[in-house]
2 protein chains.
Amino acid sequence: MVDGGARPGALYRKVAADLGREITEGAYGSGGRLPAEGELAERYGVSRGTVRQALSVLRADGLITSRRGTRRVVLRTSQVQSFGELLSFTRWARSIGEEPGSRIVRVENEERATAAEREQLRLAEDARVCRMVRVRSLSGRPVMVERTVYPEAVGALVAGLDEGAVSHTVRLEEQGVLFADAQHTVDLVRADEEDAELLGCRPGDPLLRERRRSTDPAGAPIEWSEDRYLPGTVAFTVHSSAAAGTLARRPGMPPSG
Amino acid sequence: MVDGGARPGALYRKVAADLGREITEGAYGSGGRLPAEGELAERYGVSRGTVRQALSVLRADGLITSRRGTRRVVLRTSQVQSFGELLSFTRWARSIGEEPGSRIVRVENEERATAAEREQLRLAEDARVCRMVRVRSLSGRPVMVERTVYPEAVGALVAGLDEGAVSHTVRLEEQGVLFADAQHTVDLVRADEEDAELLGCRPGDPLLRERRRSTDPAGAPIEWSEDRYLPGTVAFTVHSSAAAGTLARRPGMPPSG
DNA sequence: CCACGCAAGTTGTACAGCCAACTGGCAGCG
DNA sequence: CGCTGCCAGTTGGCTGTACAACTTGCGTGG
């Protein structure tokens, strides 16, 4: 279950999408109870197994609870961020109604990989990488410094992109480089000299850091990135339960959960 | 799938635990391929469906990929943090080999809930809450200020705990208050006067903030907490894919992903 | 009035089977 | 040599069935 080589046209995905829409539209209220599995199966004309697959998607998104003996309960009625919005700064910015900007500071192509890079990207001893530093902005205001390392093959594609291409992630996906999984680490760092110059703050100022390692459907690393955000511009949210969770990047200082 | 009223003795959980152990022990290597579903079904003497359920657990944990046409591939060989370690500071501290400490700064019982508290805990107009402020420490060194709000019923249990009880979460679970889901938000804030005094820093110093809203299996809110960590003491990590993810709290500045 | 237990309703677990869609390697052909 | 097409292997998707475990409300009896 969950995902992977998931076909978008799958039945259980349509059911999940439909139920998810109903939930976010408040059809069952917050804390309300969903129809029984059997009832939903009849409504959509599918088997109970398919309904359960659909419900497990909503469960993983943190929209509903799931418990033996009683009907499922609505946990939240807010919309869920997609995986794409999490990985792509551009897509995320657009989804919250901001205009994303990008300025390339430095590109180093076909450089010899350091030991750390080889480990993160699972590369051979003599492998080469492409390093890129960009300043990302929201509506003209710089908010984040992004330092990304790509394996050589991916780097070649990145280097071939337009100078003005806003979203490298989207361009890469169009060329067949698919993002399937990512591991994120969020903590706090102090701005170094370069950070300060690029973001217009002072060295030593605190920044929110997200490190990310993304892999393709085959499990091969395709990106290792370190993003540093100015305070107040972003917050990371996650839903977690005994066996599942979802990370989301949201506008700064959201008042609710 | 996923979880909820999950029975620990379920077959698929045993299979998942066994396979997970093999993976973290490096039996298949990093980037290695798992046996086919049919092969595993035969090995464990279960149906393919049960094997698939087990594998979906490992998939949600970010241990393996999943893709139509090829065998599954090992993504990581590191151990996964449990939901309990994520919710309980005490359990987390112990799991990384540190001695957790707790000092209660303030308890306000049976206070009238503010509007924000009523919304977060889904309470009625005249509801009352229990507020608690604690300083958490690792091996005697204060690292975090925790401000938690409980609904009245839960607060009564909390107030009845020993003054020296380290883990309220564990005590609550022993008394039948089960944590099933949680929503987290991580961002950066400046220390106020109280933070500074409690943590031994200066007002205005940056802190890593985690806000958390936990619910029981029925979806009822049982805790709303805001934790503020000193820099360098903690980092949050998450695995995410097209439909699943896992949040973990880890020691400060971890070098790898 | 309260406590207990029963019964209906609901989700969890497991099995079996079938076909579709996709991957990767191999054989054959140009 | 390179390209194409095919085929075996593998996972995704869906159905149907059966039973177990749990929750909730109702009704009975004390």
Side-chain angles (χ1 to χ4, degrees), chain A residues 1-17 19 28 32-59 64-74 176 178 180 216-220 241-244, chain B residues 1-17 19 32-60 64-74 176 178 180 216-220 241-244:
Chain A
M1 300 64 222
V2 180
D3 221 57
R7 192 172 36 157
L11 251 180
Y12 77 91
R13 298 206 152 259
K14 291 177 187 163
V15 174
L19 280 174
Y28 306 103
R33 288 162 65 205
L34 249 55
E37 294 176 358
E39 201 172 323
L40 291 172
E42 197 173 354
R43 177 198 297 182
Y44 289 104
V46 299
S47 74
R48 195 187 146 209
T50 300
V51 168
R52 284 179 62 78
Q53 239 175 321
L55 291 169
S56 85
V57 172
L58 304 179
R59 174 88 170 86
I64 58 175
T65 64
S66 201
R67 184 176 160 228
R68 196 188 308 220
T70 58
R71 294 193 176 182
R72 289 163 213 266
V73 171
V74 174
L178 297 178
D216 70 8
S241 70
Chain B
M1 297 67 221
V2 182
D3 221 57
R7 193 173 34 159
L11 250 182
Y12 78 92
R13 298 211 151 256
K14 291 177 186 161
V15 175
L19 280 175
R33 288 163 64 204
L34 250 56
E37 293 176 357
E39 202 172 321
L40 292 172
E42 197 174 353
R43 178 198 297 182
Y44 289 104
V46 300
S47 72
R48 197 188 143 208
T50 301
V51 168
R52 284 176 63 78
Q53 233 173 327
L55 291 170
S56 85
V57 172
L58 304 179
R59 175 87 170 88
I64 58 176
T65 65
S66 200
R67 183 178 161 224
R68 198 188 312 219
T70 59
R71 292 190 178 184
R72 287 164 215 267
V73 170
V74 174
L178 298 178
D216 70 7
S241 69

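Since we're looking at a predicted model, the values are computed, not measured. Here is the naming used below: chain letters follow the sequence lines, and residue numbers restart at 1 for every chain.
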Nearest to the side chain of [X], which nucleotide is it out of [options]?
X     : options                : result
B:L11 : D:dG12, C:dA14, D:dT24 : C:dA14
A:T50 : C:dT11, D:dC14, D:dT10 : D:dC14
B:R48 : C:dT10, C:dG12, D:dT11 : D:dT11
B:R68 : D:dT11, D:dT24, D:dA20 : D:dT11

In whole angstrom, give the distance that lies between atom [atom1] of [X] and atom [atom2] of [N].
X      : N      : atom1 : atom2 : result
B:R72  : C:dT23 : CZ    : C1'   : 14 Å
A:R71  : C:dA8  : CZ    : P     : 17 Å
B:K14  : C:dA14 : NZ    : P     : 8 Å
A:I64  : C:dT11 : CD1   : P     : 10 Å
B:L178 : D:dT23 : CG    : C1'   : 14 Å
B:Q53  : D:dG13 : CD    : P     : 15 Å

Fill in: Heavy-atom pair of closest approach, residues B:A54 and B:V15
CB-CG1, 3.7 Å
Item to complete: With sequence neighbours excluded, tell me which residues meet salt bridge (Lys or Arg N to Asp or Glu O under 4.0 Å) with A:R43.
Response: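 A:E22.
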Worksheet entry | Under the salt bridge (Lys or Arg N to Asp or Glu O under 4.0 Å) test, residues paired with B:E39 that sit two or more places apart | B:R71
Practice prompt. Mind grabbing the angle between the end helix axes of the helix from C:dC1-D:dG30 to C:dG30-D:dC1? Five pairs an end, 10° rounding.
Written response: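 One end axis against the other gives 20°.
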Listed pairs, N/O of protein and of nucleotides 2-6 of chain D, under 3.5 Å:
none

Would you indicate, yes or no, if [N] has its OP1 or OP2 atom less than 4.0 angstrom from a side-chain nitrogen or oxygen of [X]?
X     : N      : answer
B:S66 : D:dT11 : no
B:R67 : D:dG12 : no
B:R52 : D:dC14 : no

Worksheet item: So do the side chains of A:L19 and A:I64 get within less than 4.5 Å of each other, counting heavy atoms only?
Response: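 Sidechains of A:I64 and A:L19: no contact.
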Fill in: With B:V74 via side chain to side chain contact (heavy atoms under 4.5 Å, CB included) - residues at least two apart
B:I23, B:Y28, B:L34, B:T77
Worksheet entry | Residues in side chain to side chain contact (heavy atoms under 4.5 Å, CB included) contact with B:A218, at least two apart in sequence or another chain |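 With sequence neighbours excluded, B:A218 shows a side chain to side chain contact (heavy atoms under 4.5 Å, CB included) to A:R67, B:D216, given in chain and number order.
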Worksheet item: Do any of residues 36-47 of chain A sit with a heavy atom less than 4.0 Å from DNA chain C, and if so which?
Response: A:A36, A:E37
Practice prompt. Taking side-chain hydrogen bond (donor to acceptor under 3.5 Å, both in side chains) as the test, write out the residues that go with B:R48, two or more places apart.
Written response: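 B:R48 satisfies side-chain hydrogen bond (donor to acceptor under 3.5 Å, both in side chains) with B:E37 only.
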Worksheet item: What pairs with B:T50 under side-chain hydrogen bond (donor to acceptor under 3.5 Å, both in side chains), at least two apart in sequence or on another chain?
Response: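 Once residues adjacent in sequence are excluded, the partners of B:T50 under the side-chain hydrogen bond (donor to acceptor under 3.5 Å, both in side chains) criterion are B:S47.
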Fill in: B:A218 or B:P35, whichever maps to the more 5' nucleotide of DNA chain D
B:P35
Item to complete: Output yes when a side-chain donor or acceptor of A:T65 lies under 3.5 Å from a complementary backbone atom of A:V73, and no otherwise.
Response: yes
